[in-house]
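Some notes on the structure that comes next.
Nothing fancy with the numbering, it's 1 onward along the sequence.
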Amino acid sequence: MEKKWITFDLDETLMQNPFMGWVFPEIVETIQCHLEDKDLDIMALIVDEHLKRMSKNRILEAYDWDHIVEELLERLQLTLTIDIEKIVTNHCEIPKIHLLEETILSSLQRIKDKGYALAVATNGYYKYQYPVLEKLQLVELFDQIITSDSAGYAKPDIQMLNSVKKEGELVAHVGDRIDHDILLANNLNITSIFINKNLPSTILELPVYKRKDSAEFIHFCKEKWKKENKFSQVAFHQECIPDLVVHSISELSDYITSNGL
């Protein structure tokens with residue numbers, strides 16, 4: 001029997017990684033200790049380079065934090081070696097990292113019990129993501145872990161999911177970003193599932209499959225698209241609208257258990 005695959009984004013979909021709260025602050029502190037100008041905003045320089053790469057559609061490179069930091073050190077004429085992978089591993093402890101819902105593990109297992117194979121599809125690099133996945137006990141629930149560096153492509157490039165398509169039918173992708181996750185799924189003609197924990201109550205009152213059609217949700221989508229693409233001139237379009245809208249993995253699990261995909 002051919003596998004039916006559902007792929008999942010990680011950050012802001014399933015888990016909180018340690019970058020913003022712990023990894024970046026340690027990198028910034030390390031660099032600032034070696035600078036005469038203590039007021040130089042190192043974090044802003046890192047983020048600016050990330051966003052510059054994103055705006056130029058260099059998405060794979062935008063998540064190469066080692067390269068971004070190495071380039072910054074060169075510009076600042078500092079001969080430092082910063083091992084970001086080691087810093088990530090050192091901060092892989094709860095509550096520095098955590099699942100976004102207490103029931104995520106059981107919710108994912110319920111989806112697997114319905115006969116679906118699950119895969120991670122993240123633009124984060126393997127060496128940064130795997131330690132977090134392992135610590136949060138997510139690894140054993142996924143049949144594949146696809147990262148942008150291991151695939152050689154980044155979302156929304158549909159080639160990122162080539163390895164999954166070779167092993168069965170890809171039926172859905174779940175994620176919190178329109179520009180990466182929803183476009184990826186819609187371009188693949190599979191079910192696009194948008195997850196957002198801050199949906200207005202008036203949207204949540206609607207059935208999961210009807211939310212995408214509400215005027216309030218379309219407005220919500222357009223505002224999120226603007227934030228995700230503030231350095232781009234790409235206008236909101238039909239492919240930005242998901243097929244299903246959920247506020248949690250638990251709600252998605254309930255929907256799939258009752259209706260399938």
Exercise for review: Output yes when a side-chain donor or acceptor of D176 lies under 3.5 Å from a complementary backbone atom of I195, and no otherwise.
Suggested key: no

**Study point:** Smallest separation among heavy atoms of L118 and W5, with atom names
**Key:** O-CZ3, 3.6 Å

**Study point:** Flag if over 12 foreign heavy atoms under 6.0 Å of NZ, K135
**Key:** no

Study note, to complete from the structure: Nearest heavy-atom approach of I111 to I6 is CG2-CD1, 3.8 Å

Check your understanding: Any ion pair linking E71 and R75 (charged N to carboxylate O, less than 4.0 Å)?
Key -> no

Exercise for review: Could you tell me whether E251 and R110 have a side-chain N and a carboxylate O separated by less than 4.0 Å?
Suggested key: no

Check your understanding: Above 12 or not: heavy atoms from other molecules or residues under 6.0 Å from CD of Q137?
Key -> no

Practice item. Would you check if Y125 and D66 make a side-chain contact, meaning some heavy-atom pair closer than 4.5 Å? Key: no

Check your understanding: When the aromatic ring centroids of W65 and F24 are compared, is their separation below 6.0 Å?
Key -> yes

**Study point:** Pairing of E49 and R53 as salt bridge, 4.0 angstrom limit
**Key:** yes

Check your understanding: Take atom NZ in K165; do more than 12 heavy atoms of anything else shown fall under 6.0 Å from it?
Key -> yes

Review point. If you count the non-hydrogen atoms of other residues, nucleotides and ligands that lie under 6.0 Å from NZ in K197, is the total more than 12?
Key: yes

Check your understanding: Which ILVMFWY residues can you reach from I182 by hopping between side chains whose heavy atoms are under 4.5 Å apart?
Key -> I178, L183, F194, L199, I203, L204, F217, I218, F220, W225, V234, F236, I241, V245

Check your understanding: Going by an N to O cut-off under 4.0 Å, is there a salt bridge joining K112 and D143?
Key -> yes

Review point. Is the H50 to Y63 ring centre distance short of 6.0 Å?
Key: yes

Check your understanding: Between D179 and K155, does at least one N-O distance fall below 4.0 Å, as a salt bridge requires?
Key -> no

